[in-house]
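All heavy atoms count here, side chains included; hydrogens, waters and symmetry mates do not. Chain A is the first sequence line, chain B the second, and so forth, proteins listed ahead of strands; every chain is numbered from 1. These figures come from a predicted structure and were not determined experimentally.
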Amino acid sequence: MNDKPLFIPVILGTVRQGRASENVAKFVFEQVKRREGVETEFIDIRELNFKADDAGEQIKDQRFSATCERADGLVLVVPEYNHGYPGMLKHVLDSNLKEYIHKAVGVCGVSAGGFGGVRMIQNLLPVLRELGLVTIFWDGNFSGAQKLFDSDGKILDEATQASRLDKFLGELVWMSKVLRYGRQNISI
Amino acid sequence: MDDKTFRSEQKMICSVCGAQMNHHAMKIDYSLEEEGILEEVHTCPRCGHCELRQAH
């Protein structure tokens with residue numbers, strides 16, 4: 001069994017000004033960093049500056065693609081906009097394919113209302129599947145996102161949120177390990 | 001027709017570290033041709049590098 005640390009980056013999936021998901025993504029990133037045997041990196045899709053006059057693998061960002069290739073799993077922190085996921089996230093995700101195949105992905109939904117992004121997650125799942133990613137069946141759900149943090153972006157009830165996220169990360173780490181073993185050792 | 005019909009028997013060698021790669025997925029790429037092209041996905045057990053090649 002490969003005992004190299006797992007690499008599970010956290011992707012903040014919105015470019016919108018004033019995004020509440022940024023605090024959530026930073027909180028999730030801190031939780032992933034604390035996991036033993038896991039390395040991570042924070043990816044803000046706003047910083048990637050993908051061009052908008054083409055799409056798909058034609059607009060690959062070499063650094064982002066290399067990060068996805070190195071990854072064993074991904075955490076997507078994504079707000080729900082009009083029941084869907086941000087178009088810019090789809091634009092960014094579509095720039096890779098082989099880099100994702102048979103890798104684990106977990107989604108943290110973020111919403112201003114009370115459903116924690118569940119409708120967005122349902123819409124995002126078939127996209128992730130088509131990209132070759134393997135979804136876990138725990139989600140992170142952050143309802144009322146504006147009220148979860150103080151004005152400095154510090155989470156107000158860290159113990160509760162960390163406890164909820166622990167189950168999500170536990171399954172994601174397990175799936176990442178299993179799939180890494182499978183990719184490297186089991187042929188179809 | 002069975003998927004195995006399309007699968008290349010020749011093992012792929014990692015272009016990064018030279019190790020023998022593991023074939024773990026098939027994928028139709030629709031970006032190249034309207035009907036799609038069947039591709040094999042291989043991952044290197046030594047360095048984790050991933051490569052695609054067209055299935056035969």
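- Few gaps surround CG on Asp157(A); more than 12 heavy atoms of other groups in view lie less than 6.0 Å from it.
- With rounding to the nearest 0.5 Å, the separation of CD in Gln184(A) from SG in Cys47(B) is 9.0 Å.
- Taken together through direct or relayed side-chain contacts under 4.5 Å among Ile, Leu, Val, Met, Phe, Trp and Tyr, Phe142(A) and Phe42(A) form part of one hydrophobic cluster.
- Residue contact with chain A, scored on non-hydrogen atoms closer than 4.5 Å, is absent for His42(B).
- Here the closest heavy-atom approach between residue Glu51(B) and residue Lys98(A) is recorded as CA-CD, 4.3 Å.
- Heavy atoms only, all atoms of each residue included: Arg183(A) and Asn22(B) are closest at O-ND2, 3.0 Å.
- Under the 4.5 Å side-chain heavy-atom criterion for Ile, Leu, Val, Met, Phe, Trp and Tyr, Phe7(A) and Val134(A) are members of distinct hydrophobic clusters.
- Classification of Lys27(B) and Glu130(A) as a salt-bridged pair holds, one side-chain N sitting under 4.0 Å from a carboxylate O.
- Within the 4.5 angstrom heavy-atom criterion, only backbone atoms of Cys44(B) (N, CA, C, O) approach chain A.
- Note that OG1 of Thr43(B) is 7.0 Å distant from NZ of Lys103(A), once rounded to the nearest 0.5 Å.
- Closest approach of Ile101(A) to Val41(B), counting heavy atoms only: CD1-CG2, 3.5 Å.
- His24(B) places no side-chain N or O within 3.5 Å of a backbone atom of Ile186(A) that could act as its donor or acceptor partner.
- Taking a 6.0 Å sphere around NZ of Lys167(A), one finds it holds 12 or fewer heavy atoms contributed by other residues, nucleotides or ligands.
- Val24(A) and Phe29(A) fall within the same hydrophobic cluster, where Ile, Leu, Val, Met, Phe, Trp and Tyr residues are linked whenever their side-chain heavy atoms come under 4.5 Å apart, directly or through other members.
- Between Lys11(B) and Ser187(A) the shortest heavy-atom distance is NZ-OG, 4.2 Å.
- Put simply, Ile59(A) and Leu131(A) are part of the same group of oily side chains (I, L, V, M, F, W, Y) that touch within less than 4.5 Å, one to the next.
- Annotation: Phe149(A), atom CZ; neighbour count of heavy atoms from other residues, nucleotides and ligands within 6.0 Å is above 12.
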